Structure formats: structure tokens, C-alpha cells
Asks: 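One structure is given below, represented as C-alpha cells, and several questions about it will come after.
Because the structure is a prediction, the values reported are computed rather than measured.
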Amino acid sequence: MKPPTDSCTAPGSLAGIRASIRRCLERAADADRLGVSAPDVSAWCVQDHLEHLLFSDQNVLDWIVEALARPNPETRERFPHEFGVALLAHGSIPRGRGPAPEFTLPAGLESADLRAGFEALSGLATDLEPRLAELDACRLTLPHHVLGHFTPAEWLRFLHLHHRHHEAIIRDILAV
């Protein structure tokens, strides 16, 4: 039986993240368009958005792998804030609403380093696929700086929405 691909499920979120990482790799390989900007759309250029996604994904996916190696509590102790619950349920991130944490800000990577980062993320995301049931059952949480504490499955959902959010901004930048 094939797992569900609804983006609200861990398998669907992971599939969406993996597809988005592939698109990020394609964009990172197009050096002529990495510096394209459209100040009316975003203060960041295409590469800045890609770097932000890379740094965000690295942080969260590394934490998920670490969380799966720890003892799993029977119940979760911390929860998302009301806005975090609403965002996950709504399925989209509004533009211009939240500041990016310092560790996710663009750093001016070389395009080869950007591509290598997304290649590594692709492998990390692929390695999570056989662990989806374990990931879904994990009750450990990691705080989001604005939205509250998310479990690994909730983080996958957020990362999928986060990718869609930035991909839409990149499309708008490139359309100008």
C-alpha cells in the first residue's frame, strides 16, 4: 500500500520537501539568475532565498535526525502557539509576517557551496523516508522562534510550507 501524499501528513510533507530541494538544486545551478532581484517583491535576491531555505532545512533536518536518536517521551510537554497551529492547518505562510532568525540569514555562499548544501539536504531527506512512522510518533519538540514548539512531523509540515512560501517569492522575483 502506497503511503498518503497529502501535504498534511509526514509522508506528504517529506515528499514535498524532497521535490522542493530538487527545484532548489536546479535554481542553484542557474548562476545567471541567482543574483536576480526585484525590490518591490522582496529585499532578497533569488540566491538569498535559496540560502535561507538551505540554512533553515539544515537546522531542522539535523535536529530531526538527533531527535529520533533520543528516548521518546510518552507525551509532549510543549506545543505550538495558536498562530503556529493555525499556520500549519491553513497550509500557507503569509508574506512579510515574521523575521528570519539570525542563523538562517543569507551569507553570500559560492554557488558551488549552495549546490553542495542542497545535495547534502537531498540525501538527509531521503534517509528520513524509511523512518516516517518513527518520526510521526516522536513527541520531542524544537521551538520555532515565533510559532512555538513543533514535533518532527510538525516541522516537516512547516518546512514544506516554508519551501512553498519562498518558491512563490522566487517565481515572483523572476517574473518581474
Side-chain angles (χ1 to χ4, degrees), residues 3-24 42-44 48-107 109 117-170:
T5 56
D6 176 6
S7 66
C8 290
T9 65
S13 294
L14 185 59
I17 292 165
R18 291 180 66 206
S20 287
I21 290 171
R22 283 191 298 275
R23 288 189 294 277
C24 287
S42 174
W44 287 353
D48 293 340
H49 284 277
L50 292 174
E51 286 186 28
H52 171 68
L53 286 170
L54 174 66
F55 299 148
S56 298
D57 287 3
Q58 283 174 331
N59 182 64
V60 172
L61 294 179
D62 284 346
W63 175 80
I64 288 173
V65 170
E66 290 173 21
L68 294 178
R70 292 187 217 156
N72 188 22
E74 294 203 14
T75 60
R76 72 188 283 172
E77 294 179 10
R78 297 184 165 173
F79 296 86
H81 300 311
E82 188 175 328
F83 183 72
V85 171
L87 185 139
L88 293 178
H90 184 260
S92 67
I93 299 172
R95 288 197 187 177
R97 297 291 298 196
E102 186 74 28
F103 66 91
T104 68
L105 294 177
L109 294 177
F118 279 114
E119 287 285 352
L121 280 179
S122 181
L124 194 53
T126 299
D127 291 347
L128 286 175
E129 198 156 3
R131 302 185 75 186
L132 285 169
E134 182 184 356
L135 187 149
D136 240 351
C138 185
R139 296 291 157 242
L140 293 169
T141 61
L142 175 72
H144 181 278
H145 68 292
V146 173
L147 304 174
H149 288 74
F150 290 151
T151 64
E154 290 165 338
W155 269 110
L156 282 185
R157 170 84 169 133
F158 175 80
L159 286 183
H160 183 216
L161 300 177
H162 191 235
H163 268 271
R164 289 189 345 205
H165 170 78
H166 284 280
E167 285 180 19
I169 295 170
I170 291 169

Asks: Please evaluate residues Leu61 and Leu159 with respect to the criterion side chain to side chain contact (heavy atoms under 4.5 Å, CB included), reporting the C-alpha separation (whole Å), side-chain torsions for both, the decisive distance (0.1 Å), and the verdict.
Replies: CA-CA 9 Å; Leu61 294 179; Leu159 286 183; 4.0 Å; yes

Asks: How many angstroms lie between atom CH2 of Trp44 and atom CD1 of Ile170, to the nearest 0.5 angstrom?
Replies: 10.5 Å

Asks: Using side-chain heavy atoms (C-beta onward) and a distance below 4.5 Å, is Trp63 in contact with Pro152?
Replies: yes

Asks: Would you say the side-chain atoms of His162 and Asp57 include a donor-acceptor pair closer than 3.5 Å?
Replies: no

Asks: With sequence neighbours left out, what residues match Glu129 under side chain to side chain donor-acceptor pair (under 3.5 Å)?
Replies: Arg18

Asks: Considering non-hydrogen atoms only, spot the tightest contact between Ser13 and Arg157 and give its length.
Replies: OG-CA, 3.4 Å

Asks: Start with the C-alpha gap between Leu124 and Asp62, add the side-chain angles, then the distance that decides, and say whether side chain to side chain contact (heavy atoms under 4.5 Å, CB included) holds.
Replies: CA-CA 8 Å; Leu124 194 53; Asp62 284 346; 3.4 Å; yes

Asks: With a 4.5 Å cut-off on side-chain heavy atoms, are Leu135 and Ile64 touching?
Replies: yes

Asks: Checking Asn72 side chain against Ala137 main chain: does a donor-acceptor pair fall under 3.5 Å?
Replies: yes

Asks: Okay, side chain of Arg164, backbone of Gly91: is any donor-acceptor separation there less than 3.5 Å?
Replies: yes

Asks: Report yes or no: does Arg23 contribute a side-chain atom to a donor-acceptor pair with the main-chain N or O of Glu167 at less than 3.5 Å?
Replies: no

Asks: Rounded to the nearest 0.5 Å, how far does CG of Leu132 lie from OG1 of Thr9?
Replies: 8.5 Å

Asks: I need the minimum non-hydrogen distance between Leu140 and Pro73, along with the two atoms involved.
Replies: CD2-CD, 3.5 Å

Asks: Is the closest side-chain heavy-atom distance between Pro80 and Val85 below 4.5 Å?
Replies: yes

Asks: Could you give me the CA-CA distance, side-chain angles and deciding distance for Asp127 and Val65, then say whether side chain to side chain contact (heavy atoms under 4.5 Å, CB included) is met?
Replies: CA-CA 9 Å; Asp127 291 347; Val65 170; over 6 Å; no

Asks: What is the ring orientation for His144 with Phe150, classed by angle as parallel under 30°, tilted 30 to 60°, or perpendicular over 60°?
Replies: tilted

Asks: Closest approach of Ile21 and Ala125, non-hydrogen atoms and distance?
Replies: CD1-CB, 4.3 Å

Asks: Between Glu51 and Asp48, is there a donor-acceptor pair closer than 3.5 Å when you use the side chain of the first and the backbone of the second?
Replies: no

Asks: For Gly148 versus His81, what's the shortest heavy-atom pair and its separation?
Replies: N-CD2, 3.2 Å

Asks: Out of curiosity, Leu121 CG to Leu54 CG, how far, rounded to the nearest 0.5 Å?
Replies: 5.5 Å

Asks: Looking at Leu142, is its backbone amide N or carbonyl O close enough to the side chain of Trp155 to form a donor-acceptor pair, meaning the two atoms are under 3.5 Å apart?
Replies: yes

Asks: ring-ring contact (aromatic ring centres under 6.0 Å, His included), that's the test. Do His52 and His165 meet it? Break it down for me.
Replies: CA-CA 12 Å; His52 171 68; His165 170 78; 8.6 Å; no

Asks: Could you grab the distance from atom CZ of Phe79 to atom CD of Glu154, nearest 0.5 Å is fine?
Replies: 9.0 Å

Asks: Can any side-chain N or O of His163 pair as donor or acceptor with the backbone N or O of Cys24 at less than 3.5 Å?
Replies: no

Asks: Might you point out which heavy atoms bring Arg78 and Arg76 nearest each other, and give the distance in Å?
Replies: O-NE, 2.9 Å

Asks: With distance as the sole test, does Ser122 use its side chain to make a donor-acceptor pair with the main-chain N or O of Phe118 at under 3.5 Å?
Replies: no

Asks: For Phe158 versus Leu88, what's the shortest heavy-atom pair and its separation?
Replies: N-CD2, 3.8 Å

